[in-house]
2 protein chains.
Amino acid sequence: MIETQTFPPPGGSPPHPPELTDENLDRVFFALSDPVRRAILARLGGGRFLVSELAEPFDISVQAVSRHIQVLVRAGLVQQERTGRISRCRLEVGPIYAAAVWINQYSEYWQAQFDSLADWLGKIEARKPTPGKTGKRTRTTPTKTGEER
Amino acid sequence: MIETQTFPPPGGSPPHPPELTDENLDRVFFALSDPVRRAILARLGGGRFLVSELAEPFDISVQAVSRHIQVLVRAGLVQQERTGRISRCRLEVGPIYAAAVWINQYSEYWQAQFDSLADWLGKIEARKPTPGKTGKRTRTTPTKTGEER
DNA sequence: TATATAATCAACAGATCGGTTGATTGTCAA
DNA sequence: TTGACAATCAACCGATCTGTTGATTATATA
């Protein structure tokens, strides 16, 4: 049996990028796996927003967006500051940074095939829009009862 | 309403890192959100493995692992070569690269707080183990019926 | 040929996800 | 005080997720 491995962050070092525990990675990657949540993060890249403001672009209820935000909060990707009846949300990039660290474990494998990330990022810099927005919810993970057999 | 945005890859450019469509990102991030699947990817970093070999370290059935692998295949992270009754699995890093590209959209936000990714990666280089292994399945996304109220 | 093996398919169970509507809580303002 | 508003809670529904066991398919092999 493979044992749990927590991949500790380096000694004293920067502020505090979250630890790369399995649980943290689960929550972060899961939070990123939904287009609505990614769109919310993209909005939050531009500053702070109320829940109602974040909900406005979507066709779903405010309650549904509120729960998406809670998923982001549990993943550490969003922090909420409650003042009175309003709740202002802001982006917290630490977990994204942690995810980047995890992903870059595989950079050695793609270096053979692709440009270094920096190179490709440099190439797309020119046409770079604001971070990814999204559209309708179209369930993307196929149904369990197989379709390609 | 925010419209779907596909963030096309640059002109001719490298081999073919998968497009950053919402659907692709959904599948890739979802595939990465499970510790068993991440452990399988880590194993596959070391070469090609049979399904039965990949299943061996886990406490779950071969069938369950087979379905995890199918999730990885649908995300484009694993390719299977069937020869006879055996199916050899290998890592495909294109989608991980694509995920890295998406994540690096946020690098501008973490540059203020943290080291550049390259810097931190350099720091942990010394203690770098093989990519993340995992342990038991402990559902990490909490139950819907709220706990913090 | 008969049998063991690799892998998947199929059906099921229990938990979770993502949406809904309605109620509740708490704050602001007329 | 009363009412509007921001946000969450709560219960529900249908679909999906992850595991199970048993059957099936297809290939090796004794």
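Chain letters run A, B, ... following the sequence lines, proteins first and then strands; every chain starts at 1.
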By side chain to side chain contact (heavy atoms under 4.5 Å, CB included), which residues pair with A:Ile86, not counting sequence neighbours?
A:Leu50, A:Thr83, A:Arg88

Please report the shortest heavy-atom distance between A:Leu44 and A:Cys89, naming the atom on each side.
CD2-O, 3.4 Å

How are the rings of B:Phe29 and A:Phe29 set relative to one another: parallel (under 30°), tilted (30 to 60°) or perpendicular (over 60°)?
parallel

Counterpart residues, side chain to side chain contact (heavy atoms under 4.5 Å, CB included), relative to A:Ala75 (two or more places apart):
A:Arg27, A:Val28, A:Ala31, A:Leu77

Partner residues of A:Gln63 under the side chain to side chain contact (heavy atoms under 4.5 Å, CB included) criterion, sequence neighbours left out:
A:Ser61

Of all residues at least two apart in sequence or in a different chain, which pass the side-chain hydrogen bond (donor to acceptor under 3.5 Å, both in side chains) check with B:Gln80?
B:Ser87

Without decimals, in angstroms, what is the distance between A:Glu56 CD and D:dA7 P?
13 Å

Value in whole Å for how far the P atom of D:dT18 lies from CG of B:Asp59
17 Å

Rounding to a whole Å, what distance do you find between A:Asp34:CG and C:dT16:C1'?
14 Å

Residue list, salt bridge (Lys or Arg N to Asp or Glu O under 4.0 Å) with B:Arg85, at least two apart or on another chain
none

d(CD, A:Gln70; P, D:dA7) in whole Å:
12 Å

To the nearest angstrom, the CZ-P distance between B:Arg38 and D:dT18 comes to 12 Å

Taking only side-chain nitrogens and oxygens of B:Arg67, does any of them come within less than 4.0 Å of OP1 or OP2 of D:dT20?
no

Atom pair distance, as rounded to whole Å: CG in A:Leu54 and P in D:dT8:
10 Å

Would you tabulate the nitrogen or oxygen pairs shorter than 3.5 Å linking the protein to nucleotides 21-24 of chain D?
from	atom 1	to	atom 2	distance (Å)
D:dG22	O6	B:Gln63	NE2	2.7

Hey, are the side chains of B:Ile103 and A:Trp102 touching, using non-hydrogen atoms and a 4.5 Å cut-off?
no

Polar atom pairs (N or O), protein with nucleotides 5-7 of chain C, under 3.5 Å:
from	atom 1	to	atom 2	distance (Å)
C:dT5	O2	B:Arg85	NH1	2.3
C:dA7	OP1	B:Val51	N	3.4
C:dA7	OP1	B:Ser87	N	3.1
C:dA7	OP1	B:Ser87	O	3.3
C:dA7	OP2	B:Ser52	N	2.8
C:dA7	OP2	B:Ser52	OG	2.7

So, OP1 or OP2 of C:dG19: does either fall under 4.0 Å of a side-chain N or O from A:His68?
yes

B:Ser66: partners by side chain to side chain contact (heavy atoms under 4.5 Å, CB included), with sequence neighbours left out
B:Val51, B:Gln70

Write down the distance between CD1 (A:Ile60) and C1' (D:dT8), rounded to a whole number of angstrom.
15 Å

